[in-house]
Amino acid sequence: MRIACFETTPTDSDRLSVALSGNDLRFFPEPLSEKNVELAKDCEAISVFIYSEVSADLLSRLPVLRAVATRSTGFDHIDLDACRKRDIAVMNVPSYGENTVAEHTFALILALSRNVHKSYARGRKGDYSIEGLMGFDLKDKTLGVIGTGHIGLHVIRIAKGFGMHVLAFDTHHDTFLSEILHFRYAPLHEVLAESDIVTLHIPLLESTRHFMDRDKISKMKQGSLLINTSRGGIVDNRALIEGLDRGILAGAGLDVIEGEEHIREENQCLHRSCSARKAEHAAENRDLLHHDNVVFTPHIGFYSREAIDRILDTTAENLNAFADGNPTNTVR
Ligand code: NAD
């Protein structure tokens, strides 16, 4: 098969070249976009990460495409309806780093609870004072986990190690695991009102876009923390900024931010013409990231050596299985 792999590093291409030997492979560091779609025009398969917007328009310019293998769990960057119409298989990596993202969730929680980010910034300036850096214990605090799937359950397991109480909200209840891991499912309003820290682990769907809006943030416990390692679009940026400014939230830990794809292009957005919504996102993100009670990382929750190896191996297995006529991990 002719396969074009976008958003790849040299390490990715080395590992995929071995696992997909026998195929005609091309590797590109940049995301697939309208600007470079020609690179894949004769390919039967493409492999992308989350910054490639696989839209209907773009698919229409890939006439022989039969498979899309995303090197991620989420697939909201791929137009599934358009793929269905063209009978293009879409395969994902259903699990590769539940513990990886859960560990990163705690990196954000601990940074905020112990002011690691503020201490680091001061230390860089030669300031070794401790005024204003008093943190709080996680032990005996309540963690609200929204979404108790692969990642959420690992977050709960780790929280229990810290001696935290856990309240959870999910549309699907796993009573067996709630007994084993000693957590309780509760209605959303109770999770929001009772939790010292709320952490989000639900997928981004049309129905969950802006799940955390002004109304839900206003129902959170005064002075609590909000952590998002799921998808930026789950939280309404404007509502988040307002929640921080009004003191409802004492801080936010964000590995994902609505419109994060535009942050890299921020300068272009400020100085050149770009869509109004893009420019708005860029301005909101600038505002958000300048709050000293916001800890952010550039979508690296998944990014550990072990997780990357698992992602690449599953992606190669998906493409090999598709070539053999037995597709696995299809999401459509
Ligand atoms: P999962 O599918 O295993 O679990 C999602 C859970 O959310 C399920 O239990 C589901 O029942 C629940 N859910 C769905 N809609 C809901 C709703 N409206 N209200 C309440 N619960 C709802 O997913 P996962 O593997 O645990 O991943 C969770 C999120 O993490 C996804 O958004 C994924 O894109 C994101 N993610 C981020 C990174 C990163 O690098 N930051 C890496 C991997 C995954």
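Note that ligands are numbered from 1 as they come in the structure, with each ligand's atoms numbered from 1 the same way. Along the sequence shown, residues carry numbers from 1. Side-chain atoms are counted along with the backbone in the values below, which use heavy atoms only and exclude waters and symmetry mates.
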Any N or O of [X] closer than 3.5 Å to N or O of ligand 1:
| X | value |
| --- | --- |
| Ile300 | no |
| Thr229 | yes |
| Gly74 | no |

_As a test of the contact definition, would atom 2 (O) of ligand 1 count as having a protein heavy-atom neighbour under 4.0 Å?_
no

_atom 26 (O) of ligand 1 protein-contacted, heavy-atom criterion under 4.0 angstrom_ = yes

Checking contacts here: is it the side chain or the backbone of [X] that comes within 4.0 Å of ligand 1, counting heavy atoms only? Could be both or neither.
| X | result |
| --- | --- |
| Asp255 | side chain |
| Ile234 | neither |
| His104 | neither |

Quick test of your reading of the structure: of [options], whose heavy atom lies closest to [atom]?
| atom | options | result |
| --- | --- | --- |
| atom 6 (C) of ligand 1 | Asp170, Ile146, Val93, Val155 | Asp170 |
| atom 20 (C) of ligand 1 | Phe211, Tyr303, Phe169 | Phe169 |
| atom 35 (C) of ligand 1 | Ser230, Pro94, Gly147 | Ser230 |

*Tell me who clusters with Leu59, hydrophobic residues only, linked when side chains sit under 4.5 Å apart either directly or through other members.*
Phe6, Phe28, Leu32, Val37, Leu39, Ile46, Val48, Val54, Leu58, Leu62, Leu65, Val68, Phe75, Ile78, Leu80, Ile88, Val90, Val331

*Among Ile, Leu, Val, Met, Phe, Trp and Tyr joined by side-chain contacts under 4.5 Å, find the other residues sharing a cluster with Val256 and list them by chain and number.*
none

*Using 30° and 60° as the class limits, which term best fits the ring planes of Phe49 and Phe302: parallel, tilted or perpendicular?*
tilted

Scan side-chain atoms only and decide if [X] and [Y] contain a donor-acceptor pair under the 3.5 Å cut-off.
| X | Y | value |
| --- | --- | --- |
| Tyr185 | Thr148 | yes |
| Asp245 | His291 | yes |
| Asp255 | Thr297 | yes |
| Thr8 | Ser13 | no |

In ligand 1, which numbered atoms sit nearer than 4.0 Å to a non-hydrogen atom of [X]?
| X | answer |
| --- | --- |
| His201 | 5 (C), 6 (C), 7 (O), 28 (C) |
| Tyr96 | 42 (C), 43 (C) |
| Thr208 | 18 (N) |
| Val101 | 38 (C), 42 (C), 43 (C) |

_What I want to find out is whether Arg332 reaches Asp81 closely enough, with some N-O distance under 4.0 Å, to be called a salt bridge._
no

*asked:* Just to verify, which of Thr328, Thr70, Asp313 counts as forming a side-chain hydrogen bond (donor to acceptor under 3.5 Å, both in side chains) with Asn318?
replied: Thr328

